[in-house]
Amino acid sequence: MASPSLARSHQRSDRRIPSSTGGGGFSSGKKSAAARISAAAGPRVLIEDDDADSGRVRVAVRVRPRNDEDLYYDSELIDCLELQPELRRLKLRKNNWSSESYIFDDVFTESASQKRVYEAVAKPVVETVLSGYNGTVMAYGQTGTGKTYTIGSLGNDNSSERGIMVRALEDVLAEISPGLDNLSISYLQLYLEAIQDLLAPDKNNIALTKDSKSGEVCLPGATVVEISDIDQFLQVLQTGERNRHASNTKMNARSSRSHAILVVHIQRSSKGKDENEFLSVNINNSEEFPHMSGFFKSKLLIIDLAGSERIDESGVDGHVLEEAIFINLSLNSLGKCINALAENSTHIPTRDSKLTRLLSDSFGGTARTSLIITVSPSARHYSQTSSTIMFGQRAMKVVNAVKLKEDYDSESKYRKLECQIDSLTSEVEKQQKDKLHLERRLYEREITLAEAENKLVEAEKKLAVAEEKPAATSEVTVAFNEMEVIDLMRKLEEKRSRHANMEEQLIEFLQNGTWKFAEATNMINLVIKLENHQAAAAVANPRTHAMVIWFTLIPITLLSLYFLW
Ligand SMILES: Nc1ncnc2c1ncn2[C@@H]1O[C@H](COP(=O)(O)OP(=O)(O)OP(=O)(O)O)[C@@H](O)[C@H]1O
């Protein structure tokens, strides 16, 4: 039961609020700031709750309703308890002039419902167990004060009577994903210092071992039953209840003679997340979500302790007396461990009993623990009620080093990591291919750009040259003119053949002595046109000019000859 957080637990202050009337009670430890405020400020009590989320053991107190005996024997006595649930305060009255006040995490009156008790005491633990932590919910108190009612009531006739075990399983079943997650239970009793299997009574001395790696307490021989719905769980629980040792004592018609231990095993995978999403969460946030990197297992212990009893009061003898002695011994050793933890002792006597070995993770270990202490309102039981309250007060000082349980299914985690590596490798290869392709395209673009730049430079040079030289001498103009010249030459050739015809006609005319004036007019117009072309060609190209002159001379010469002749 050595706790890494013992230093913190040692610094915790006593939650006892000194009564204005003085008195003794649990006197070790320092007064808290809250206690000082409450003493000075009258009825308003500030509850020290700075460590609400720490690993401190949470303790609630519940008062059982008066039973027939209480009403019969105590009719003349005033109650020994005064409850102020809104202040989470309980006053223990020793007599008319002396009382002591104690602060708890919750104070439940006789009328508190099972639902309310579950929600305040057990539900927060169940929720943390579903998130991957180990948790313990336990009831401690005098015999006949309502531990079994609070923890183990099946509520067969009235579901509102269901106790913490059934409600916790209802919540777990509602939260887990069938097929993906796994829920199983073991149900045992610690009877006369032997651990017996309530689901297989033949197994009557189950070994209690400790995992060498995690330090976690294990019961490897216990029957494990998979649970799929609440009706099945109720049946299993009923089977277990039938096998539990109970006796009729003066204090309780059906007094539990053993500590009952329900072990709820939860195995969850990635909280029902989509696999890919889960992997990415795992890659990116492995520190933030360590419990999400595979399957995780967590464990919830729900314990209904046998009741502490004064042998003289319970009036037991024979075998039942022997049972009572064993019960008291184990509860005493639990009390000693709690005291040692609360006082930051270097030695925690865990090995004194099987109960303290079994609870070594719940007090001073890594589990989140919630304790409900049950008390009787009757003044006849003042001394037992007082000792129960002291036990609860000391337990409140114990701070566990609550730790996320990372009991992964290593094989599945390994497979998932391999998948991640494969997927990352193929992603890297794809990115390398894409990179090569992009580099090639970039290279081609660079070449094209260089070529375009060269062309542009040349074009700019040509433009500069063209701007400097006259248009007629520029190459572009020359090319244009050459085409024009060819066209003109073709036209001149046509004219030449027509002139040849004309020559023939002229000769014929001259020979025939016939003068055709119209033909002559045509001839003159043609000469004028040719002269115009000659002028244009002369401007365009000297070569053209020469040719034009040459072809012009023929008709002019012919005309001249004609007129001269
Ligand atoms: N809060 C309650 N409301 C109604 N009935 C209660 C309540 N607490 C206890 N009882 C009744 O008181 C009787 C004794 O309760 P129970 O058997 O749960 O006590 P116990 O602490 O488990 O005793 P033991 O240690 O001897 O087993 C039962 O009949 C139970 O139904």
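Not measured: the values here are computed from a predicted model. One is the number of the first residue; the rest follow in order along the sequence.
Inspection of the S360 and T350 side chains reveals no N or O donor paired with an N or O acceptor under 3.5 Å. The closest side-chain donor-acceptor pair between S376 and S378, if any, does not fall under 3.5 angstrom. Side chains of S330 and S353: no donor on one and acceptor on the other come within 3.5 Å. Using modelled atom types, one finds no donor on one side chain facing an acceptor on the other under 3.5 Å when comparing R368 with S370.
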>> Let's go through T366 and D361 carefully: what are the C-alpha distance in whole Å and the side-chain angles of both, what is the deciding distance for side-chain hydrogen bond (donor to acceptor under 3.5 Å, both in side chains) to 0.1 Å, and is it a yes or a no?
In response: CA-CA 6 Å; T366 56; D361 193 41; 2.9 Å; yes
> Could you walk me through whether I327 and S308 pass the side-chain contact (heavy atoms from CB on, under 4.5 Å) check?
Replying inline: CA-CA 7 Å; I327 292 168; S308 58; 5.9 Å; no
>> Walk me through whether L173 and Q232 qualify under side-chain contact (heavy atoms from CB on, under 4.5 Å).
In response: CA-CA 12 Å; L173 281 163; Q232 182 210 356; over 6 Å; no
> Under the side-chain contact (heavy atoms from CB on, under 4.5 Å) criterion, do S184 and Q267 qualify, and how do the steps go?
Replying inline: CA-CA 9 Å; S184 59; Q267 181 179 300; over 6 Å; no
>> Apply side-chain contact (heavy atoms from CB on, under 4.5 Å) to residues Y133 and V125 and explain how you reach the verdict.
In response: CA-CA 9 Å; Y133 297 84; V125 178; over 6 Å; no
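Looking only at distances, no side-chain donor or acceptor of Q84 sits under 3.5 Å from a matching main-chain atom of K91. Proximity of a side-chain donor or acceptor of S298 to a complementary backbone N or O of V129 within less than 3.5 Å is detected. A distance-only check finds a donor-acceptor pair linking the side chain of K203 to the backbone of G221 [under 3.5 Å]. Remark: the backbone N or O of L208 is paired with a side-chain donor or acceptor of R357 at under 3.5 angstrom. For the pair N243 (side chain) and L198 (backbone), a donor-acceptor distance under 3.5 Å is present. Side-chain atoms of N400 do not come within 3.5 Å of backbone N or O of V402 as any donor-acceptor pair. Remark: side-chain polar atoms of S345 are paired, donor with acceptor, to backbone N or O of H347 under 3.5 angstrom. Although no hydrogens or angles enter the test, the distance criterion places no donor-acceptor pair under 3.5 Å between the side chain of R62 and the main chain of T150. R268 contributes a side-chain N or O that, together with a main-chain N or O of L130, makes up a donor-acceptor pair within less than 3.5 Å.
For K354, the NZ atom counts as densely surrounded, since its 6.0 Å shell holds more than 12 non-hydrogen atoms of other residues, nucleotides or ligands.
A342 and V398 make their closest contact through N-CG2, 4.3 Å (heavy atoms, listed as atom of the first residue, atom of the second, distance). Taking each heavy atom of D352 and S333 in turn, the nearest pair found is CB-CB, 3.8 Å. When all heavy atoms are compared, the tightest approach of A122 to I164 is CB-CG2, 3.6 Å. The two residues M165 and G152 come nearest to each other via the heavy atoms SD-CA, 4.2 Å.
Taking the ring-ring contact (aromatic ring centres under 6.0 Å, His included) definition, one finds that F391 meets it with Y140, sequence neighbours left out. Partners of Y191 under the ring-ring contact (aromatic ring centres under 6.0 Å, His included) rule, at least two apart in sequence or in another chain, are H245.
Counting only heavy atoms from C-beta outward, the side chains of F326 and R257 never approach each other to under 4.5 Å. Put simply, the side chain of L169 reaches to within 4.5 Å of the side chain of L262, judged on heavy atoms. No side-chain heavy atom of T109 sits under 4.5 Å from any side-chain heavy atom of V107. Proximity of V57 to M138: side-chain heavy atoms (C-beta onward) are nowhere separated by under 4.5 Å. Taking the side chain as every heavy atom from C-beta outward, V225 and T223 approach each other to under 4.5 Å. Side-chain contact between P349 and T356: absent, with no pair of heavy atoms (C-beta onward) separated by less than 4.5 Å. Counting heavy atoms from C-beta on, the side chains of R93 and Y382 never come closer than 4.5 Å. Between V263 and K299, the closest side-chain pair of non-hydrogen atoms falls below 4.5 Å.
Residue Q142 forms a side chain to side chain donor-acceptor pair (under 3.5 Å) with just one option from H381, K147, R64, Q384, and that option is H381.
Atom-to-atom distance recorded for Q189:CD and Q196:CD is 4.5 Å, nearest 0.5 angstrom. Between the OG atom of S153 and the CD atom of Q114 there is a distance of 5.5 Å, given to the nearest 0.5 Å. Atom-to-atom distance recorded for L355:CG and H259:NE2 is 4.5 Å, nearest 0.5 angstrom. Atom CE of M396 is separated from atom CZ of R58 by 7.0 Å, given to the nearest 0.5 angstrom. Between the OH atom of Y118 and the CZ atom of R162 there is a distance of 12.5 Å, given to the nearest 0.5 Å. We find the CG-CG distance between L334 and L359 to be 6.0 Å, quoted to the nearest 0.5 Å.
Comment: D105 engages R56 in a salt bridge, judged by a side-chain N to carboxylate O separation of less than 4.0 angstrom. R380 has a carboxylate O that lies under 4.0 Å from a charged side-chain N of D70, or vice versa, which qualifies the two as a salt bridge.
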